[in-house]
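Residue numbers start from 1 in every chain, and the chains themselves are labelled A, B, ... in the order their sequence lines are given, proteins ahead of strands.
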Amino acid sequence: MSLKVLPSELPALPELRDARDMDDPHAGKGFIMHSVRGFIQEMTQGLFAWSEGRSLWPLTFGIKCCAIEMMAFGASRYDCDRMGVFFRASPRQADLLIVAGPATIKLKDVIVRLYEQMPEPKHVIAFGECAICGGPFWDSYSVINGVDKLIPVDIYVPGCPPRPEQLLLAIMKLQELIDERGKAGRRGRGKTQVVGMPEVTREELLAQVMAHPTFLMGHQSGEPRIAPTPDELARATPTGQPAPDAEGRG
Amino acid sequence: MSEIPAGAAAAQDPAAILAGIATPGKGARAFAVDRKRIVDACAALHRAGFAHLCLITGIDWRDRWEVVYHLVRLEEPEPVVLRVALPYGEARIPSVASVWPGAVWHERETYDLLGIVFEGSPDPRRILLPQDYEGFPLRKEVLYGNRS
Amino acid sequence: MTPRLLFLREGADAAYGRLASLAGEALARPLFLALLALALFIAVALFATFGGWAERKLIARIHSRRGPVFTGPLGLLQTVADMLKFLRKEIIFPEGSDRRLFALAPVLLVLPAFVALVVVPIGSLVIASSQYSLVIALALLSMGPIAMLAGAWASNSKFSTLGGLRSAGMAMSYEAVLALSAAGVALSAGTLDIAQIAQRQADMGVWFALTQPLAFALFLIAAVASVERNPFDLLEAESELVGGWKTEYGGVYFSLTLLAEYGKLLVTGCLFASLFLGGWTDAGGDLGFLAKVLVWAILMFSIRASAVRMRMDALLAKVWRALVPLALLNIVVTLGVSFALGGG
Amino acid sequence: MLDAETVVSLDPDVGYIHRGIEKLAENRMYFKFTPIANKLDYIAAAAWEHLYISCVERLIGLEPPERAVCARMAMVELQRVVSHLFWLGTLSMDLGQPTIFVWAMRERERLLDVFEDIMGGRMTYGWMIIGGLRDDLTPGQAARILAELDRLEKVLPEYLAATERDGLFRERLQGVGAISARDALAYGLTGPAARASGVPYDVRAHAPYLRYTQLGFRMVTRAAGDCWARYEVRRDEMRESMRLVRAALALMPEGPIRAQGAMTLRPPVALSMATPKDGEAFVRNECPRGEGAIMLVSDGSNYPSRSSRSCARG
């Protein structure tokens, strides 16, 4: 069994779920408001990008130990209020989703539903190793290797758990990303940035991750990542199922 | 009921266990209990003062199942360990929820991860994994990390 | 102190005259009112913007942290950034929600706060003075629960329905206390016109806050509840009801609700200053009035930072078992005193 | 299930952050499981790391030296103070009062700096290895701990006064969620919650480990069993833990911080750790949230054949 990964196996970036046609008045947008907004948008592109960056309201949604660091980020020493970050409880009023912890199989549809409930100019920060690639639980049966399999991620913050300063840096990076998109007038996903690492696009990041065998997502590709030790092979299971060989443990 | 391999100690009845506890022996006091007598043994121990059920663990020894009960009496530091051996083909054991209502969650977790069915449990559903998850991941035959 | 009302009237007449000469007689009146309404809206919007900023800064200071710093000097443009961001947000109507009512509810919430300002004296400026201005102001203030129920029912989500019922129930009961405590003051002043009440305090030389301490305390508590500030902050009980009746509101509608919150804060502030602290009639004049409203706002912000949210049943129990009887007692005492003094 | 305002019945749906750590333990060498052992209860990582490490030490019969034991006790009790500070913050945040949350987090940050200085991390450490410590607790660090504790002792009454003298705070907690001693025992409640209901069960007094017997541990219990009693139990436990940290630091002798044959990485002794065939170890510790218990079953190799833990229902 070879561990080589075919480029075709790169998990595709989940396309934006929000396929609503902006011009259809009944698509959740009042006709008048829409045309007025279109006009405003053209005239004040830079201003809105500034305002969108300076008032990022994240959703109070924490999963595990990274959520404690997110709380510390909201407390007085690191004080996210300085950046205009104000935690809101309802997804409708939030425009930033900080995924702080592993996306387990039970939490999968909760995260996707929360993301889809948030109004459109929304951003996602994958905070901590668990959100980036499953972290210390990468080979667990109930942890999904990385939130970007569920929702498009803008900023990755490595660390387990990362320090609250890294989240401040991530907010600054996000503000740069928004300003850059604002100037370019694009609404799509710009370059994904990993905090604390050199500029890297999402594709490069995934290529790096895919190229390095130990990062290979074990159960996503179906066969086990690291099989049992040789002596365990000797006591093959009663069903006699041959366990594939592997290049050592640990 | 298929014969339990010799590995498991001989099963004792509740009266012997009570006697065993009375003698202030050194080290953790472990008793093997037969599957049919587990509820009476637990009830007897509960009456004898073991009010706190610390842990129920299922072990997959590949040739037999084993359910380990750790019971604690507030007066003495050493826990009492009850071990119930089950034949590999038939992972069923009566539930002790009638003695300790708190045991339900231990039993649900053991069922959820290992597939040992606790008969008569007030809440036999899975606790940790989504309800529609097939298979019991902690079994040895489930190769590690594999979703099968 | 000659009442300043007349001065205002001449100023208004002069402006009105110039307008008439400019735009001709027929158009002058609606144009004047439109300009006045615009000025009023800008005043409330400015108060909401810098009120929001001051609140975040003050609460941050109490938390021993900095508060908004990076948006504009001292973070002054933070609320501007928030409001601008909301303009560009996508508007989501929840599935199966009553679209028109959903859009109408926040407007229903904001309007009373603006319209009440027409009746309530802001400093010496009374736009539409009438004998019953107090009754009109209180009636407009109690429009809140209706808007909340409309918003909650229209959002078609269990969180907002429960939140809506809770906050509507609370707001209605506290409106009763608000009205009764204001009634105590109106009785002792003998009129229902807020300007006259303020005037009466100047004539008597003593504030109603001192002669009517009970009404003063009750009005304070009820006002905190009517604006949904912290001890009565069931609206944003994050841990229980996500966002109260506002859960489904995002984008521009949500910013309307924020505007309404600060609008009501301004209205209750002006009412409070006029009814209990003598409004503009004492030495301070207009600036004194402004200082009183600012003191009121800072008091509300610090209450928000330091008070624990009360439980729903304890909240309602307090109203009907403690506050309303106290308010009635206060009225009876006032009647007794004024009867004994002035012979009715 | 709600009936208007009152909760009629409750069916908790847990498992949303289930990471299958038992399965992961079966596929990691003993010393490699420590990072996950920290994350069993990520607000009190040092307590659970010590629980796991002492369970492995009992499995292979390795006794850490005296200095390591006292240093570990100081850190475990300091972790209890930090965990209770976090509880004070989130309690007041849930009651709708973010001010005490921010103050408690500010005090917690100061102690996290101490942890970072000594154990290398703010939240997850890996400072304790099987058979001792990774690096020493120097006198300078011990002095810093004492200074921080003195400062906290001066500041803490101010926060507790802000909560206790506030009528609304008391009103929200008194008589709320009362649990009788019988129910607490029947449902396996442990830790501060059980002690608040009058169940005199604290593993530090009941089955003392580390140096609790020498340092004289006083158990804190209340009878009412409502939220206010749980508040009082945790508040007094914080003061008791501060006293224990000082006593442990005083008791700490000079000497080696690793036993002979401790499972270090340089030299890589840990890679070839031998465990008894069919060995079994069961250890209980008093973690800040309740009694934590880990059972390890070994099959001779460097991988546990079964590890099970009872989550602390405190």
Side-chain angles (χ1 to χ4, degrees), chain B residues 7 28 30 46 49-62 66-68 70-81 83 97-106 108-110 112-114 123 125-131 133 136-140 142-147, chain D residues 11-28 58 181-190 194 199-209 212-213 219 278 280-284 290-297 299 303-313:
Chain B
H46 187 62
F50 284 86
H52 177 56
L53 166 70
C54 180
L55 188 61
I56 297 181
T57 319
I59 304 179
D60 170 6
W61 292 101
R62 287 183 189 276
E66 188 172 37
V67 180
V68 183
H70 287 270
L71 314 176
V72 164
R73 181 153 53 173
L74 298 192
E75 293 75 20
E76 52 204 36
E78 274 311 312
V80 162
V81 182
R83 313 182 79 96
S98 54
V99 181
W100 295 283
V104 170
W105 274 31
H106 286 274
R108 281 176 70 186
E109 181 184 4
T110 310
D112 191 357
L113 298 182
L114 271 165
D123 189 351
R125 292 172 306 163
R126 283 181 180 273
I127 183 170
L128 292 174
L129 293 168
Q131 299 304 335
Y133 184 90
F136 304 104
L138 210 48
R139 288 189 172 185
K140 285 284 192 262
V142 170
L143 276 181
Y144 134 84
N146 191 329
R147 227 188 250 276
Chain D
D11 175 19
D13 182 6
V14 293
Y16 280 96
I17 58 170
H18 171 60
R19 305 143 296 195
I21 52 120
E22 283 92 356
K23 190 74 177 180
L24 300 186
E26 286 168 19
N27 301 285
R28 277 166 174 70
R58 178 172 294 184
R182 206 176 52 75
D183 286 348
L185 266 175
Y187 285 97
L189 206 57
T190 58
V199 173
Y201 179 57
D202 185 328
V203 184
R204 293 176 287 182
H206 165 73
Y209 51 101
Y212 287 108
T213 38
M219 188 187 338
D278 284 352
E280 191 177 303
F282 174 74
V283 166
R284 284 177 301 145
E291 168 208 55
I294 286 189
M295 182 172 109
L296 282 176
V297 176
D299 59 2
Y303 299 87
S305 87
R306 174 75 168 98
S307 98
S308 147
R309 60 152 177 79
S310 121
C311 50
R313 274 186 293 281

Task: Heavy-atom pair count under 4.5 Å with chain D, highest-scoring of B:V68, B:V72, B:D60, B:I56 - done: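 Answer, by heavy-atom pair count under 4.5 Å with chain D: B:V72.
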Task: Residues forming a side chain to side chain donor-acceptor pair (under 3.5 Å) with D:Y201, sequence neighbours excluded - done: D:R284, D:E291
Task: Lys/Arg N to Asp/Glu carboxylate O, D:R306 vs B:E66, below 4.0 Å - done: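 So D:R306 does not pair with B:E66 through a salt bridge.
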Task: Basic-acidic side-chain contact under 4.0 Å: B:K140, D:E26 - done: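 Counted as a salt bridge, because a side-chain N and a carboxylate O are separated by less than 4.0 Å.
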- [ ] Select, from D:H206, D:E22, D:R182, the one with the greatest count of heavy-atom pairs under 4.5 Å involving chain B.
- [x]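 Top option by heavy-atom pairs under 4.5 Å: D:H206.
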Open item on the list: Is B:H70 in contact with chain D via its backbone, its side chain, both, or neither, using a 4.5 Å heavy-atom distance?
Closed with: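 For B:H70, the side chain is the part near chain D, not the backbone.
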Task: Interface moiety of B:R125 toward chain D, non-hydrogen atoms closer than 4.5 Å - done: side chain
With a 4.5 angstrom heavy-atom cut-off, is it the side chain or the backbone of [X] that approaches chain B, or both, or neither?
| X | answer |
| --- | --- |
| D:D202 | neither |
| D:V14 | both |
| D:V203 | neither |

Task: Heavy-atom check, side chain of B:W61 versus side chain of D:D278, under 4.5 Å - done: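 A side-chain contact exists here, since the closest heavy-atom pair is under 4.5 Å.
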Open item on the list: Run the side chain to side chain contact (heavy atoms under 4.5 Å, CB included) test on D:R58 and D:Y209 for me, step by step, so that the C-alpha distance in whole Å, both residues' side-chain angles and the decisive distance to 0.1 Å come before the verdict.
Closed with: CA-CA 12 Å; D:R58 178 172 294 184; D:Y209 51 101; over 6 Å; no
Task: For the student: nearest non-hydrogen atoms of B:L71 and B:W100, plus distance - done: CD2-CH2, 3.3 Å
